[in-house]
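A short worksheet on the structure shown next.
In what follows, chains are A, B, ... by sequence order, proteins preceding strands, each numbered from 1. As the structure is a computational prediction, the values presented were derived from the model and not from experiment.
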Amino acid sequence: MAALAPPSCFSSSLSKDPFSTTTTVLDHKKLGEGGIQKTQFSVWISSKTRPRIKLKASMEPPGLVQELKSDELESVGKRESGSDLFDEMKYRFMSFKRKKYMENLEHYQNLAKAQAPKFMVIACADSRVCPSYILGFQPGEAFVVRNVANMVPPYEGGPSETNAALEFAVNSLKVENILVIGHSCCGGIRALMSMQDEEDSTSFITRWVVVGRNARLNTEAATSNLGFDQQCRHCEKESVNCSLLNLLTYPWIEEKVRKGLLSVHGGYYDFVECTFEKWTLEYDRGKTDESNTVAVKNRSFWR
Amino acid sequence: MANQSTQEVIEELKKLLSEKGDLGCEVQGKIERLIAELKWPGPVGPHFVDPVVKRIFDGFNRFKTCNFDKNPELFAELAKGQHPKFLVFACSDSRVSPSHILDFQPGEAFMARNIANMVPAFDKVRYSGVGAIIEYAVGSLEVRNILVIGHSKCGGIRRLMTHPEDGSNEFDFIDDWVRIGLSAKKKVLSENPNLSLDEQCELCEKESVRNSARNLWSYPYVKKAVLDGNLKLWGGYYDFVHGKFEILEDAQALPVVPF
């Protein structure tokens with residue numbers, strides 16, 4: 001363990017040195033019921049409790065958004081407080097434990113033995129599009145992969161974190177549905193559409209989003225006279241379809257889809273208008289509809 | 001299927017979209033929705049006979065009604081851009097969504113989810129998926145914290161711990177991926193050779209978080225941001241068997257700096 005400075009006074013001014021800490025042992029009994037073990041933590045202790053801003057409905061305030069305003073933060077200028085964040089995480093976990101975990105103890109105990117989700121969801125890492133939130137997936141329901149621009153690389157691309165998750169979800173967990181969800185204003189898709197040089201090896205983003213090159217080509221062919229923003233929007237959906245086709249390049253996925261054991265769906269979440277579109281891949285080996293795009297069925301649009 | 005006159009209207013609207021390049025996102029979106037509604041006549045809604053569709057529809061409907069519509073200002077701000085304070089690495093496991101256990105709200109956390117919540121070391125040739133996440137979060141979004149959350153009963157860690165390491169019995173992609181945690185496995189086995197597999201797995205779940213934190217440090221922009229005081233690394237562990245969450249203080253794994 002790193003050497004620690006002796007406990008300093010609990011003042012509101014913070015050293016900028018990321019290594020200056022005090023150590024406090026938090027006795028779980030003092031915390032009340034709960035789940036924080038008796039463990040040593042490094043904390044800065046705030047001189048006063050940060051007031052919480054109540055929002056409507058059941059949402060807790062977005063306490064971890066950079067622009068959060070609170071009395072304490074404003075009074076000492078914009079500073080980063082490890083203690084505030086630690087307290088915030090602790091509060092939230094205790095709240096989860098009290099309101100959800102303990103209220104559904106039997107369910108959580110069953111889940112602890114094994115998971116059997118029916119869905120695998122591939123969504124973007126974007127902070128605004130968490131599938132647990134927008135589609136209300138509860139613990140145990142969905143095995144989730146989140147990456148930049150919700151992309152599925154093809155089988156021939158070799159190992160990646162996304163196809164490791166596919167292998168586990170399809171072959172071990174035997175999920176019945178795979179849902180790839182795109183979304184509006186996607187930075188990754190924008191990077192794909194803006195990309196000048198595929199061979200730029202200095203950027204991971206470039207090397208990743210190039211997986212969606214077919215989506216860009218299809219988009220440019222279909223929307224050549226539209227503005228860039230409109231093209232990006234089109235590409236966001238086109239990329240989902242390309243990912244659905246890439247899913248079928250995995251032999252063990254293709255086999256299950258062909259046998260009707262696995263369904264592959266696309267989705268698109270527009271967080272500007274709050275709408276959701278969903279469609280299902282129509283599987284027929286080698287066949288596409290007359291415009292040479294992915295054949296789909298059961299398309300829904302919700303607003 | 002749409003009838004002839006509806007089809008004509010659809011074609012006119014498509015023509016309008018393709019000819020008018022300056023409509024703006026909002027108007028374009030509205031026209032696209034109108035086309036969608038015209039194309040599939042009948043209720044613009046779910047196929048209720050399909051439980052999968054109904055499940056997704058119910059979830060979205062609840063979110064829209066209970067959250068989105070009730071917090072228009074928040075979501076209007078988020079629509080303009082995201083400024084999350086956190087980058088979170090969590091496992092894809094269906095039981096450990098950070099949005100549940102730590103109540104991350106829309107806009108708060110840029111979130112990567114993969115098997116066993118692993119972060120590979122900086123590699124110019126491979127792992128571009130994780131590299132893209134870190135590059136975007138730290139370089140573009142300028143998050144202030146990276147939190148890696150491990151958890152109990154992790155299938156990926158178990159595979160790592162039980163892998164024979166003799167080249168046999170390969171799961172092509174899973175085995176290649178969890179090998180990122182090999183140093184964590186070796187450390188746990190060498191320090192705890194006599195513990196049961198379950199106990200070793202639990203130790204490895206936590207050691208892998210520390211390993212991932214060390215790997216984060218190998219990304220030049222992460223290292224720079226930490227040394228500049230603009231970024232903090234956290235390691236966490238969610239035990240859903242006992243309903244506990246702990247911060248692994250030593251997951252920062254940074255070199256000791258003399259005071």
Item to check | Any donor-acceptor N/O pair, A:Lys97 side chain to B:Gly243 backbone, under 3.5 Å | outcome: yes
Checklist outcome for this item: Here the gap from A:Glu167 atom CD to B:Trp177 atom CH2, rounded to the nearest 0.5 Å, amounts to 13.5 Å
Next on the checklist: side-chain contact (heavy atoms from CB on, under 4.5 Å), that's the test. Do B:Phe86 and A:Met89 meet it? Break it down for me.
Outcome noted: CA-CA 12 Å; B:Phe86 273 82; A:Met89 278 196 264; 4.2 Å; yes
Next on the checklist: Please classify the contact between A:Leu105 and chain B as side chain, backbone, both or neither, with a heavy-atom cut-off of under 4.5 Å.
Outcome noted: neither
Item to check | Donor-acceptor contact below 3.5 Å, side chain B:His100 vs main chain A:Phe137 | outcome: yes
Checklist entry - Side chain, backbone, both or neither: which part of B:Phe89 has an atom under 4.5 Å from a heavy atom of chain A? => result neither
Checklist entry - So, B:Gln82 versus A:Asp126: side-chain donor-acceptor pair below 3.5 Å or not? => result yes
Checklist outcome for this item: Under 4.5 Å to a heavy atom of chain A? For B:Val130 that would be both
Next on the checklist: Let me confirm one number: the SG-CZ distance from A:Cys274 to B:Phe75, rounded to the nearest 0.5 Å.
Outcome noted: 7.5 Å
Item to check | Side chains of B:Ser97 and A:Ser132, donor plus acceptor under 3.5 Å | outcome: yes
Item to check | chain B contact via A:Asn163 - which portion, at a heavy-atom distance below 4.5 Å | outcome: both
Next on the checklist: Looking at A:Arg92 and B:Asp103, would you say the former's side chain and the latter's main chain have a donor-acceptor pair under 3.5 Å?
Outcome noted: yes
Checklist entry - Which of parallel (below 30°), tilted (30 to 60°) and perpendicular (above 60°) describes A:Phe204 and B:Tyr219? => result tilted
Checklist entry - Is it true that the side chains of A:Ser203 and B:Glu135 contain a donor and an acceptor less than 3.5 Å apart? => result yes
Item to check | Interface moiety of B:Lys64 toward chain A, non-hydrogen atoms closer than 4.5 Å | outcome: both
Checklist outcome for this item: Bottom line for A:Ala165: the part with an atom under 4.5 Å from chain B's heavy atoms is both
Next on the checklist: Does the plane of the ring in A:Tyr269 sit parallel, tilted or perpendicular to the ring in B:Phe60? Use 30° and 60° as the thresholds.
Outcome noted: perpendicular
Next on the checklist: Looking at B:Arg95 and A:Tyr108, would you say the former's side chain and the latter's main chain have a donor-acceptor pair under 3.5 Å?
Outcome noted: no
Next on the checklist: Under 4.5 Å from any heavy atom of chain B, what part of A:Gln138 do you find: side chain, backbone, both or neither?
Outcome noted: both
Checklist entry - Would you find a donor on one side and an acceptor on the other, under 3.5 Å apart, between the side chain of A:Tyr101 and the backbone of B:Phe240? => result yes
Checklist entry - Between A:Phe93 and B:Phe245, what is the ring plane arrangement, given parallel below 30°, perpendicular above 60°, and tilted in between? => result tilted
Checklist entry - Where does A:Tyr250 contact chain B at under 4.5 Å (heavy atoms): side chain, backbone, both or neither? => result side chain
Checklist outcome for this item: Between the OH atom in A:Tyr133 and the CZ atom in B:Arg62, the distance rounded to the nearest 0.5 Å is 12.5 Å
Item to check | B:Ile180, part contacting chain A, at a heavy-atom distance under 4.5 Å | outcome: neither
Next on the checklist: Can you list everything that forms a salt bridge (Lys or Arg N to Asp or Glu O under 4.0 Å) with B:Lys80? Sequence neighbours excluded, please.
Outcome noted: B:Glu77
Checklist entry - When rounded to the nearest 0.5 angstrom, what is the spacing between CZ in B:Arg55 and CD in A:Glu141? => result 4.0 Å
Item to check | Heavy-atom proximity to chain A below 4.5 Å, by part of B:Ala112 | outcome: both
